[in-house]
Enquirer: 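Here it is, the structure in full.
Everything quoted here is computed from the prediction, not taken from an experiment. Reminder, nothing fancy here: chain letters follow the sequence lines and each chain counts from 1.
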Amino acid sequence: MAFWKPGDDAPTVGSHAGILLDKDVHVEGSDILFYNPYETHPLAVQRQRLPIFQYRKHILYLVETCRVVIIVGEPGCGKTTQVPQYLLEAGWADGGRSIACTQPRRVACVTLAHRVAEEQGVRIGDKVGYTIRWEDRTNSELTRLKYVTDGMLLQEIMSDPLLTKYSVIMVDEAHERSLHSDALLGLLKKVMRKRPSLRLIVSSATMQAADFRNFFASGLSADRANDERQVGILSVDGRCYPVDVHYSLRAKADYITSACELVLMINKQKPKGDVLVFLTGQEDVDTLVHLLKEAGERLARHQLLLPLPLYSGLSGTEQMRVFHPAPKGQRKVVVSTNMAETSITIDGIVYVVDAGFVKVRAYSPELGVERLVTTSVSRAEAEQRAGRAGRLQAGECYRLYTEEWFVQHMPPHPLPAMVRSDLSALVLQLKVLGIEDLLRFPFPSPPPTQTFCKSLEVLYCLGALDDSCHITGLGEALASLSIDPMTAKFVVAGAALGLQDEACKIAAMLSVRDVWLMGRSHTDKVTFSKSKLCVAEGDHISHLNVFNAWEANDFSHDFCAEMGLNYKVLRRARDVYKHLSRRVARLRPAALGLPLDTLKSLTQSDNPDEEQLQQLCACIISAFFPYAAHRVSDGSYVTVQGGLNLHLHGSCAAYNDPPEWLVFNDVVQTDRLWMRDCLTIRHPMWLVQLAPHFYRYRSAQDRLQAQDLLQDTGVDSKDTERPSNWLIF
DNA sequence: CTCTCCCT
C-alpha cells in the first residue's frame, strides 16, 4: 500500500472512502506483514501485544484517505503511544514536518514522551520530545513527534496560525472537553480549510464520537458533500477487566456514612484488594478518613484498614502515599475527590465506591463570577470511576445511588468546560488571532451569548478592547503574558510604576492555588505562620510576604514544611514568576495608556516603603475594580456592581479583621458565596479615581462629600463625572 | 470560618 506523505499531492479520494466501517476494511491480526527491524526486541513485542496493533494498517489507511479520523479507543488499548509511532514509521514526519499529540495534562505529556522515546530507542528531546508550559524538551531540527499540552498548542497557533510544521495533529482525550481542546478543535477546523494537506486525529470516548463526526462533517471545505466522506471513525477495544457494578436499593441521605459502612463491609467480606472511594471535596474526604480510622481501631489484626486522603491541596509527599503498597495484612482505602478519576492512576484498586457527586465550575454571566456547585456526576464519569476497579484484574464498583437514578436522571456526559467558564482570556486570545466574529466561530459547543457579552465588557473596561471591540496595544500586551486578563492588567500597571518584580511575584502566587497546606494535621502550623506572614492589606500583599520569606530562606523545602506551606505549589509559583518576569521585561508599559499620573498622585508618601505598598494596592484596584464589594451590617459583603451578597472565605488573610471595602479575585459557592484572594481598599474613592469609566458617585451630595475627602490627595475630581451605569456612595 | 480539577 502506498502511503501519502507530506509534501506529495493529496491522495484522490475514491468512492469507497467514506465513513469507513469494519466491513469495508476488515483487518485480521494475521494479515499483517511488515518489516520491523526491532521485532525481537522486548519493547517491540510489547508494542505488538497492544490491542491497537491489530488496527495499525487500518488506521494508516484511514489517515491516508480521510482528513479527520476519530478513534474511539477504550482505556488501555495503546492509542496514545502507538498511533503517533505508526504515523512516524509510515513517513508522515518525513521532509522536515512533525506530528503533534495533545494532552490535557502536563504529567501525561512528560510520561508519554519518555515511554515513546524508549520504544523508539531514542533520547528524549531528540526525535521524540514534549512541550509543556515552562518546559520545552524538543529540538527544532530533530524532533519529529512531540507530546504537548492542548493549551500550549493553542499558544503555538499565536505565532504560527496555520501550524505549518505539522503534518498530523492528534487531539487526545477530546471527550474530556477541556476548554483548550475545544478551542483547538474549533481553530483546527478553520486551519484545515486553508491547509487541505493537514490531517487531524481526534481520540474520543464512545459516547461523544458521533458529536465529533457531525462537527467535522461540514465546513471542512467548500464542498459539503465531500466533507462527510473526509471523516473516518474507528473503534478499538480496550484491555481492561470486567467490573461488577452494584447499585444502592434506596437513595442514601448521608453518603459519607453509607460509604463508611460499605468500606467496612468490603473489608470484612471481600477478598483482598484495595478500595477507592470517590467523594466531592476536601472536607468530605477528611471526614471519611477520620471515620474509617476510628472504626479501624475496633478491627481484628488480620483485617486492618489503611485510609488515605487524596486531593490537590495535599503536599507532594502526602499524595505519594497513595502509590505505596499497604503493609502486609492491611487494606489500603484511598478516599479521593475526582482527582483519581483521570489525573492519577493507582494500581491495585479492586473495589470502587462512588458517591455519585462532583463539584463543577459554573459560570453565571449575569453575575460575572465563576461558582463551584455540587451536582450529580454524569453516566460517563460514573463509568470512568467504575473502570478504575478493573485495571489489573476483575473488580467491583458500588454506587451509592439507585439504578433508576443512573438511567433516568444522570446526564450522559458532563457539560463541556466551554459553556460553563469565564471566557475573557480565551476571547482576548481569539482577538489576537484576528477572529472578530465570535458568534460564528466554530465551537464544538457554542458558549452562551451572554458569556461573550460579559467577556467583551470586562476586556473593554480593562482597556484591552476599544469602542469598536478591536484589540488595543494594551490588549496585546495583556495577551502576551498568558495569564488571566485582570491579573495581567495589574502586572502591566505595576511594571509601569517600576514594581514589576513585586507584581510578578503576586501574579504568580495568584495563579497557583492553595499556597497553604490543607488537611486537619496542618491547621496549627498554618495558623501560626499566617500570624507571621499575613497582613491587613489582604491576600495579595500577604502572598508577596510569603514569596519573599521563602526566597530569603533559599527557596528551601524545610522552610515550607516548617511554615505549613505547600512546597510543590510554591515551586510552580516560582517558575511562573521567573518566566512572567521575562515576558514583562519585553513590554514598554509606559506607552500603553495607563493612568500613571493618577496612580502616582494617589499614593504619594514620604515613606518609600509605604509609597511602594500603596502603589501596589492601587495597581491591584486599577485591575480588579469590577470586583469591588463593601461590608454591610450583618458582616457579609455586597458587590458594588450587581449587589451580590458575598462572604469572606476562611482562607482570607483579613478574615479576622474584615475591612469595610475590598476587591476580590474570585468566588466559590458552596452553601454561600465565598470571596477568595481579597485586597483591602483603604480609600473607596480610589475606585472612582482609578476606574472613572466604571464607577461614579450616586448623587451630587455624595460627590461633594467625597470631594472633601479627596482634597487631601490633591486629585482633580472632575475626572469622576463621566456617565456610567455603576454607582458607589 | 474554608477551597472539584486542570491549564496558558
Enquirer: Once you apply a heavy-atom cut-off of 4.0 Å, does A:R133 come out as touching a base, just sugar-phosphate, or nothing?
Expert: base

Enquirer: Kindly point out which of B:dT8, B:dC3, B:dC6 is positioned nearest to the side chain of A:M152?
Expert: B:dT8

Enquirer: A:L310 CG to B:dC5 P: how many Å, rounded?
Expert: 8 Å

Enquirer: Look at A:R106 and B:dT8 and indicate whether a side-chain polar atom (N or O) is within less than 4.0 Å of OP1 or OP2.
Expert: yes

Enquirer: What is the separation between atom CE on A:M675 and atom C1' on B:dC3, rounded to the nearest whole Å?
Expert: 15 Å

Enquirer: What nucleotide among B:dC7, B:dC5, B:dC3 has an atom nearest to a side-chain atom of A:T149?
Expert: B:dC7

Enquirer: A:M339 has a side chain; which of B:dC6, B:dT8, B:dC3 sits nearest to it?
Expert: B:dC6

Enquirer: Output the rounded distance in Å from CG (A:D284) to C1' (B:dT2).
Expert: 13 Å

Enquirer: Grab the CZ-P distance between A:R520 and B:dC3 for me, whole Å please.
Expert: 13 Å

Enquirer: Does A:E381 pair with A:R177 as a salt bridge, N-O distance under 4.0 Å?
Expert: no

Enquirer: Does B:dC1 have A:Y655 stacked on its base, where the ring centres are within less than 5.5 Å and the planes differ by under 30°?
Expert: yes

Enquirer: How about A:F443 and A:F452: are their ring centres within less than 6.0 Å of each other?
Expert: yes

Enquirer: For A:R105, is there an ion pair with A:D150 - N to carboxylate O distance below 4.0 angstrom?
Expert: no

Enquirer: Students often get this wrong, so: under 4.0 angstrom with heavy atoms, is A:Q155 touching a base, only sugar-phosphate, or nothing?
Expert: sugar-phosphate

Enquirer: So which nucleotide from B:dC1, B:dC7, B:dC6 ends up closest to the side chain of A:S343?
Expert: B:dC6

Enquirer: Between P on B:dC7 and CG on A:D575, what's the gap in Å once rounded to a whole number?
Expert: 13 Å

Enquirer: Among B:dC6, B:dT2, B:dT8, which is the nearest nucleotide to the side chain of A:W674?
Expert: B:dT2

Enquirer: Map A:R361 and A:A425 onto DNA chain B by nearest heavy atom, then report which one ends up closer to the 5' terminus.
Expert: A:R361

Enquirer: If you check every side-chain atom of A:Y311, which of B:dT2, B:dC5, B:dT8 has the closest atom?
Expert: B:dC5

Enquirer: Look at the side chain of A:H180 and decide which nucleotide, out of B:dT8, B:dT2, B:dC1, has an atom nearest to it.
Expert: B:dT8

Enquirer: If you look at every strand shown and take non-hydrogen atoms under 4.0 Å, does A:G650 touch a base, only sugar-phosphate, or nothing?
Expert: base

Enquirer: With nearest nucleotide decided by heavy atoms, which residue, A:L517 or A:S511, maps closer to the 5′ end of DNA chain B?
Expert: A:L517

Enquirer: Assign A:G313 to base, sugar-phosphate, or nothing according to its heavy-atom contacts below 4.0 angstrom with the strands shown.
Expert: nothing

Enquirer: Closest to the A:R676 side chain: B:dT8, B:dC3, B:dC6?
Expert: B:dC3

Enquirer: Identify all side-chain donor-acceptor contacts of residues 421-431 of chain A below 3.5 Å with residues at least two apart in sequence or on another chain.
Expert:
unit_1, atom_1, unit_2, atom_2, d
A:S421, OG, A:A417, O, 2.6
A:D422, OD1, A:S424, N, 3.1
A:D422, OD1, A:S424, OG, 2.8
A:Q429, NE2, A:Q155, OE1, 2.9
A:K431, NZ, A:E436, OE1, 3.0
A:K431, NZ, A:C469, O, 3.0

Enquirer: Could you state the CD1-P distance from A:I157 to B:dT8, rounded to the nearest angstrom?
Expert: 15 Å

Enquirer: What residues, two or more places apart in sequence or in another chain, satisfy salt bridge (charged side-chain N to carboxylate O under 4.0 Å, His left out) together with A:R391?
Expert: none

Enquirer: Between B:dC7 atom P and A:K568 atom NZ, what is the distance in whole Å?
Expert: 11 Å

Enquirer: Between atom CG in A:L673 and atom C1' in B:dC3, what is the gap in whole Å?
Expert: 14 Å

Enquirer: For a quick test of reading the model: is some side-chain N or O of A:S178 closer than 4.0 Å to OP1 or OP2 of B:dC6?
Expert: no

Enquirer: Base, sugar-phosphate alone, or nothing: which one does A:R513 contact when heavy atoms must sit under 4.0 Å apart?
Expert: nothing

Enquirer: For this output row, return yes or no: ring centroids of A:Y255 and A:F357 closer than 6.0 angstrom.
Expert: yes

